[in-house]
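Working notes, beginning with the structure itself.
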Protein chains: 2
Amino acid sequence: MNDTKLIDIAAALGISVTTVSKALKGYSDISKTTRSRVLEMADTMNYRPNANAVNLRTNETKTIGVIIPATVHHFFSSVLNGILEEAENRGYLVIILQSNEKYELEKKQIALLLQKRVDGILISLSNETDDFSHINAAIKNNTPVVLFDKIAKMVDCSKVVINDRKAAYDAVTYLIEKGYKKIAHFRGSYVPQNSIDRFLGYKKALEDRGIAYDPSLVYMCDHNSDFEDGYVCAKKLVEDHKDVDAVFAITDLVAIGIIKYLNEINIKIPDQIAVFGFSNWFMSTVISPKLTTIDQPGYEIGHRAASILIDEIAQIKEHLPVTHQIVELPTHIIERESTLKTVEVPA
Amino acid sequence: MNDTKLIDIAAALGISVTTVSKALKGYSDISKTTRSRVLEMADTMNYRPNANAVNLRTNETKTIGVIIPATVHHFFSSVLNGILEEAENRGYLVIILQSNEKYELEKKQIALLLQKRVDGILISLSNETDDFSHINAAIKNNTPVVLFDKIAKMVDCSKVVINDRKAAYDAVTYLIEKGYKKIAHFRGSYVPQNSIDRFLGYKKALEDRGIAYDPSLVYMCDHNSDFEDGYVCAKKLVEDHKDVDAVFAITDLVAIGIIKYLNEINIKIPDQIAVFGFSNWFMSTVISPKLTTIDQPGYEIGHRAASILIDEIAQIKEHLPVTHQIVELPTHIIERESTLKTVEVPA
DNA sequence: GAAACCACCGAAAACGTTTTCGGAAAAATA
DNA sequence: TATTTTTCCGAAAACGTTTTCGGTGGTTTC
């Protein structure tokens, strides 16, 4: 049990705990000589301050809490990497919790984090969440909160997002400009807002280019917005609409399901049907044809959210006014094979 | 600042903090009536015990630390999900750290976790780590450690692993029994042990079946054992060996790189060359042809490791003797298209 | 009616720090 | 030499709990 405390160092040196503590923290009213004696003794005795005692006394834990709604995969693992990197750099520890898209669990976890006295909270809201009193409680408790990805506009705190509507709008506009006429959309369920926004971007792009919006071209992938969804909806799509020439999927996973099905039935991508994904996950470069998609900067989202949170923690500590930021990270189109028609060689 | 403490409840009720504390913790020397009064008042005042004070007093934090060597992706995200799930169920919080395969960072992070007084540590070692004094320091400090995936045999603690050598042996044996004669291996670098073990399993399987081991059929994927590695080594392979008929890759990622290349140059999988992966990551069902692979149960590894750790924490608390376990989780072959030759239709 | 017992409560110490405040000795000034 | 200033150190309180130990007052026992 290698557990030396201030009092042990003090005893070994024949001085008081006060002096030891001050020496370690670099107080100016300690002489050079005693300071160096303390430092050396602390080193040889392998002293590590008891974080609990320090936390209790100083009322800060150098720890932030992160709540993500879903399993650590795909998008959220990138976000997490961004958070972990920034936290490491700034000297913070991170506690991770999963709400599994459940409001009650999310609420309980916020309470838990507050009880643990984390210095701040990063959260992407669950799909069920439509009451924000637990978030406001944290904020009122002087614990800053930064929302990312799945946010609530009405909560007064910093947020880091992408513009889903614009990104979808850009994607569909791109397809139209490439000459595609009949563009289907494989959408997500009615929650969260992100899936609605992507749908709205799709619709707006069509309307702005004078293409009539046709509800029968919109397929709901509400299973899990996953691979299977794309596969089965693609099947329905080609049965319903012989002449569709492109599809914009809410997610790369869905898009890959589509590609899989079209490959199986020998429909040429993109010559017969083009496929456009969303997120730029790893698999999108692995599939054949490689998937055109929207780059969703998960790592940057996490990095930025953590950075803002830690800034706010510092501001609160200094009793400075905290200025909330709404950061909208840019997305852009990653053009790959699934929308690039092979050039016709003139005869 | 919604921050009620024991003393506030005591004041509101005109009793002592002692009584409040005991009532909340269900001590038997508090009358039913005062207990219920306290409980109700605690509820209306929205009392949450200050975890730091509790931790300091009780010397336990209900928190475990997790150190993973690489980015949260693929295998480690599954492990993480298993850990998070078990921790949630058992009432533990989890702090995540990434060592980025650096020994020095890993060492620093262990010290940090001990300083934070986590109740236990879960760690998969970095590739650089060949000195284990930091791990032993934690154990000596009465903080149980469970090693998973990348372990060190010499450290005296519980471990959760798969048998890489056997899994590889099984894979190659499977290929041989399927009739493949000239089987290449795309191996990982000389660290960690897992990659060596998979190589040894490959070699042993060949020898046991009377196939001479040919070093020129082994390619080193030491870049990152990733997609690119597989792609470029596949290119070399088909140039070097016209007659190779199967390849066993250290990782699904590498295998997918191989498939990608073979698809591009129109080599039929598996009719000309079969491909066998390792890990059963998500993409292996997405690629064409679907990849035969070894199922590496990341979720179970995390789940099990966390479970053992929390058990040991309880044992230590009760001053019971701790019994270390070495758990070897079973793997099995997931047979898919990449090794299933299309049956010849008899004329 | 004294002795023994029980049910209930609270004072106080402890966990390991940080920080305020005052005080002693040494140095500088007069 | 007497006074002021500077330098350095330590006592003690505080952070919010938990838990030991003792002490009431009331009830039971003989």
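Just so it is clear, the values below take in all heavy atoms, side chains as well, and ignore hydrogens, waters and symmetry mates. First the proteins, then the strands, lettered A, B, ... as listed; each starts at 1. It should be emphasised that the depicted structure is a prediction, and the values quoted were computed from it without experimental measurement.
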Can you confirm whether [X] sits close enough to [Y] that some side-chain heavy atom of one is under 4.5 Å from a side-chain heavy atom of the other?
X        : Y        : value
A/Pro297 : A/Ile162 : yes
A/Val79  : A/Ile68  : no
A/Lys116 : B/Thr61  : yes

query: With sequence neighbours left out, what residues match B/Glu128 under side chain to side chain contact (heavy atoms under 4.5 Å, CB included)?
result: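 So B/Glu128 forms a side chain to side chain contact (heavy atoms under 4.5 Å, CB included) with B/Lys102, B/Tyr103, B/Ser126.
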task: Could you pull out all residues at least two apart from A/Arg57 that satisfy side chain to side chain contact (heavy atoms under 4.5 Å, CB included)?
output: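 Expected list: none.
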- Item | Distance test, side-chain N/O of A/Ser16 to OP1/OP2 of D/dG10, below 4.0 Å |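 So the side chain of A/Ser16 is within the cut-off, an N or O lying under 4.0 Å from OP1 or OP2 of D/dG10.
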Q) More 5' along DNA chain D: B/Thr18 or B/Leu56, using each one's nearest nucleotide? A)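 With B/Thr18 and B/Leu56 compared, the 5'-side residue is B/Leu56.
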| request: Would you mind telling me which residue lines up with the more 5' stretch of DNA chain D, A/Thr19 or B/Ile7, judged by nearest nucleotide? | output: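 The residue mapped nearer the 5' terminus is A/Thr19.
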*Look at all strands and tell whether B/Lys25 reaches a base, only sugar-phosphate, or nothing, counting heavy atoms closer than 4.0 Å.*
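B/Lys25: backbone/sugar contact only, no base atoms under 4.0 Å.
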Using a 3.5 Å cut-off and no angle test, enumerate the donor-acceptor pairs between side-chain atoms of residues 8-15 of chain A and protein atoms at least two apart in sequence or in another chain.
from, atom 1, to, atom 2, distance (Å)
A/Asp8, OD2, A/Lys5, N, 2.8

Side-chain donor-acceptor pairs of residues 35-42 of chain A under 3.5 Å, sequence neighbours excluded:
from, atom 1, to, atom 2, distance (Å)
A/Arg35, NH1, A/Tyr27, O, 3.2
A/Ser36, OG, A/Lys32, O, 3.3
A/Ser36, OG, A/Thr33, O, 2.9

>> According to ring-ring contact (aromatic ring centres under 6.0 Å, His included), who are the partners of B/His73, at least two apart in sequence or on a separate chain?
In response: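 B/His73 satisfies ring-ring contact (aromatic ring centres under 6.0 Å, His included) with no residue once adjacent residues are dropped.
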Which pairs would a plain distance check flag for residues 315-327 of chain A, meaning a side-chain donor or acceptor within less than 3.5 Å of a matching protein atom at least two apart in sequence or in another chain?
from, atom 1, to, atom 2, distance (Å)
A/Lys317, NZ, A/Glu60, OE2, 3.2
A/His319, ND1, A/Lys317, O, 3.4
A/His324, ND1, A/Glu312, OE2, 3.3

Of all nucleotides in DNA chain C with an atom under 4.0 Å from a non-hydrogen atom of chain A, which is the first and which the last going 5' to 3'?
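Extent of the interface on DNA chain C: C/dG16 to C/dC21.
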**Study point:** Nearest-nucleotide 5' precedence on DNA chain C, B/Thr34 against B/Arg57
**Key:**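 Counting from the 5' end, the first nearest nucleotide belongs to B/Thr34.
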Notebook entry, point to check: Taking the nucleotide of DNA chain C with the closest heavy atom to each, which residue, A/Val54 or B/Ile15, is nearer the 5' end?
Noted result: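 Here B/Ile15 is the residue nearer the 5' end.
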query = Short question: side chain of A/Gln109, backbone of A/Gln98 - any donor-acceptor pair under 3.5 Å?
reply =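 Yes: the side chain of A/Gln109 pairs with the backbone of A/Gln98.
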Go through the steps to decide whether A/Thr63 and A/Asn55 satisfy the test side chain to side chain contact (heavy atoms under 4.5 Å, CB included), and finish with yes or no. CA-CA 10 Å; A/Thr63 303; A/Asn55 293 346; over 6 Å; no
TODO: Kindly state each residue pair satisfying salt bridge (charged side-chain N to carboxylate O under 4.0 Å, His left out) with at least one member in residues 75-86 of chain B, sequence neighbours excluded.
DONE: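 Found B/Glu86-B/Arg90.
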**Prompt:** Pairs in or reaching into residues 146-156 of chain B: which pass salt bridge (charged side-chain N to carboxylate O under 4.0 Å, His left out), with residues at least two apart or in two chains?
**Reply:**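 Residue pairs with at least one partner in residues 146-156 of chain B: B/Glu101-B/Lys150.
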Specify the residues of residues 312-320 of chain A, ordered by number, for which at least one heavy atom lies under 4.0 angstrom from an atom of DNA chain D.
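Listed by number, there are none.
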- Message: Under 4.0 Å, heavy atom to any atom of DNA chain D: which of residues 26-33 of chain A qualify?
- Response: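 Here the set is A/Asp29, A/Ile30, A/Ser31.
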If you fit an axis to the five pairs at each end of the helix from C/dG1-D/dC30 to C/dA30-D/dT1, how big is the angle between those two axes, to 10 degrees?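 Answer rounded to 10°: the end axes differ by 50°.
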